[in-house]
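Small disclaimer: the values here were computed from a predicted structure and weren't measured.
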Amino acid sequence: STLANKSSPNVAAAKAEGLYPLPSNVLSQVQEVPVSTLVANAEAASPNDVRPPEKLPPKAPQLSSGGHPEVMFICAEYWPSCAAERWALVMALSKFGTFSNLMGTTSSSRETSPRTPTFSFYGATYSSKYLTLVTDELETNRYNPAAREYPLLQFPSRQEMSIINAWDVAPYTTKRGSIPFAYMGGKFLITSAQYDASAISQMKFQTAAGIMTSGKSTVSKHAEAAAGYLVGDFCALTHDQPTSVCSQVPSSLVGITTLPAT
């Protein structure tokens, strides 16, 4: 899926559909996977299975807000690759701050890997001493047959669109405006899901959470490795803060990317 050809809507955006509250014990299960586990899986992962973020060139504009490096994440509720990436992001970002009002949802039943359980960042907040998170969920997960599209939910700001137009392009992606799109402080970039989460398609969230945090299945190891890569890059952004997290990250994973350092 792509961001191409989107223009600011004249009508009010749709409301998110199919969101549901997550039991606190299920949420904490995902947020409390140890840093050591995430890092170990990242060190063991093959780049064919789990892709680290890419390194942006020095000319890329730095992105910060609230005095902290900003992680900008653009996705859509219906898209299964977004569903996959949110698991890794929640695991990783929870080491640097606290989410409030994270809800459960699924990708669309019409797409590949239908009804992949995941988190929704719509209406959620994130507080951290180290990072700022800004998210947009572009469209809902309920297809409108009359309009032949998914209703718009949130639209990127002008600043966000300028970053998308500049960096969600070749050579970083083969599809201009691809999602998920994460621009991390102006240092690192994601233009597709880091791994394949099709194994949890059509599962209940609680069941999926047990699998994704078990460290035993392939999909769990890949999700945790993706989160481990993110932790390494976030430690590069925060200059190894907090120490309790970043001291556990080997230097080989700090600022890890698919491109050699320039």
Side-chain angles (χ1 to χ4, degrees), residues 2-3 33 35 38-64 68-75 79 81-97 121 126 128 130-136 160 163-164 166-197 221-241 245-246 248-262:
T2 73
L3 272 158
V33 179
V35 174
L38 303 181
V39 164
N41 276 302
E43 287 192 295
S46 156
N48 296 325
D49 297 324
V50 188
R51 293 173 293 281
E54 295 197 65
K55 186 179 180 67
L56 284 162
K59 67 176 182 179
Q62 303 302 292
L63 190 63
S64 64
H68 308 305
E70 179 181 312
V71 176
M72 183 181 111
F73 183 68
I74 310 291
C75 236
W79 194 234
S81 296
C82 293
E85 194 60 32
R86 288 191 211 97
W87 285 94
L89 272 169
V90 169
M91 284 183 194
L93 285 166
S94 295
K95 307 305 176 201
F96 297 84
F121 291 142
Y126 178 74
S128 167
Y130 312 102
L131 294 167
T132 300
L133 176 66
V134 174
T135 67
D136 285 316
E160 289 164 347
I163 289 173
I164 290 161
W167 300 101
D168 203 354
V169 295
Y172 302 104
T173 178
T174 53
K175 253 188 189 173
R176 184 182 179 90
S178 61
I179 52 172
F181 176 77
Y183 188 89
M184 296 179 277
K187 300 287 190 186
F188 309 105
L189 185 73
I190 289 172
T191 56
S192 64
Q194 293 178 267
Y195 71 103
D196 177 8
K221 289 176 181 175
H222 290 174
E224 291 175 0
Y229 286 149
L230 290 169
V231 168
D233 284 349
F234 294 157
C235 284
L237 290 178
T238 65
H239 304 291
D240 295 321
Q241 295 297 317
V245 172
C246 297
Q248 299 182 61
V249 181
S251 58
S252 60
L253 284 184
V254 175
I256 188 164
T257 66
T258 50
L259 299 177
T262 51

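- Leu230 places a side-chain heavy atom less than 4.5 Å from the side chain of Glu85.
- Distance check: Ile164 CD1 to Ile74 CD1 gives 4.5 Å after rounding to the nearest 0.5 Å.
- Residues satisfying the ring-ring contact (aromatic ring centres under 6.0 Å, His included) test with Phe234, not counting sequence neighbours, are Phe96.
- Put simply, CD on Gln241 and CG on Leu131 are 11.5 Å apart, with the number rounded to the nearest 0.5 Å.
- The two residues Ala193 and Ser81 have their closest heavy-atom pair at CB-O, 3.4 Å.
- Counting heavy atoms from C-beta on, the side chains of Pro180 and Gln194 never come closer than 4.5 Å.
- For the side chain to side chain donor-acceptor pair (under 3.5 Å) test, residues two or more places apart in sequence or in another chain that qualify with Thr173 are Ser178.
- Here Leu133 contributes atom CG and Met72 contributes atom CE; the two are 11.0 Å apart, rounded to the nearest 0.5 Å.
- Among all heavy-atom pairs drawn from Ala88 and Ala226, the shortest one is CB-CB, 3.7 Å.
- Within the 4.5 Å cutoff, the side chain of Pro57 has heavy atoms near those of the Trp167 side chain.
- For Gln248, there are no side chain to side chain donor-acceptor pair (under 3.5 Å) partners two or more places apart in sequence or in a different chain.
- Rounded to the nearest 0.5 Å, atoms CG (Leu89) and SG (Cys82) are 10.0 Å apart.
- Residues forming a side chain to side chain donor-acceptor pair (under 3.5 Å) with Asp49 (at least two apart in sequence, or on another chain): none.
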Show, in sequence, the C-alpha distance, side-chain angles and deciding distance for Ile190 and Met184, and conclude whether the side chain to side chain contact (heavy atoms under 4.5 Å, CB included) test is met.
CA-CA 8 Å; Ile190 289 172; Met184 296 179 277; 3.9 Å; yes
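- In this structure, the side chains of Phe121 and Val90 come closer than 4.5 Å at one or more pairs of heavy atoms.
- Within the structure, the side-chain hydrogen bond (donor to acceptor under 3.5 Å, both in side chains) test picks out no pair touching residues 183-192 (sequence neighbours left out).
- No side-chain heavy atom of Val254 sits under 4.5 Å from any side-chain heavy atom of Cys246.
- Closest approach of Ser128 to Gly97, counting heavy atoms only: CB-CA, 3.8 Å.
- Here CG of Asp136 is found 4.5 Å from CD of Glu160. Values are rounded to the nearest 0.5 Å.
- Among residues at least two apart or in separate chains, side-chain hydrogen bond (donor to acceptor under 3.5 Å, both in side chains) pairs with a member in residues 221-238 are Asn41-Glu224, Ser220-Glu224.
- The nearest pair of heavy atoms linking Arg86 to Phe73 is CG-CE2, 4.0 Å.
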Show your reasoning for whether side chain to side chain contact (heavy atoms under 4.5 Å, CB included) applies to Leu189 and Phe181.
CA-CA 7 Å; Leu189 185 73; Phe181 176 77; 3.4 Å; yes
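- Closest approach of Cys75 and Ile179 over heavy atoms only: C-CD1, 4.2 Å.
- Contact between Ala45 and Ala225 at its shortest, heavy atoms only, is CB-CB, 3.8 Å.
- Within the model, atoms NE2 of His68 and CG of Leu237 stand 12.5 Å from one another, a figure rounded to the nearest 0.5 Å.
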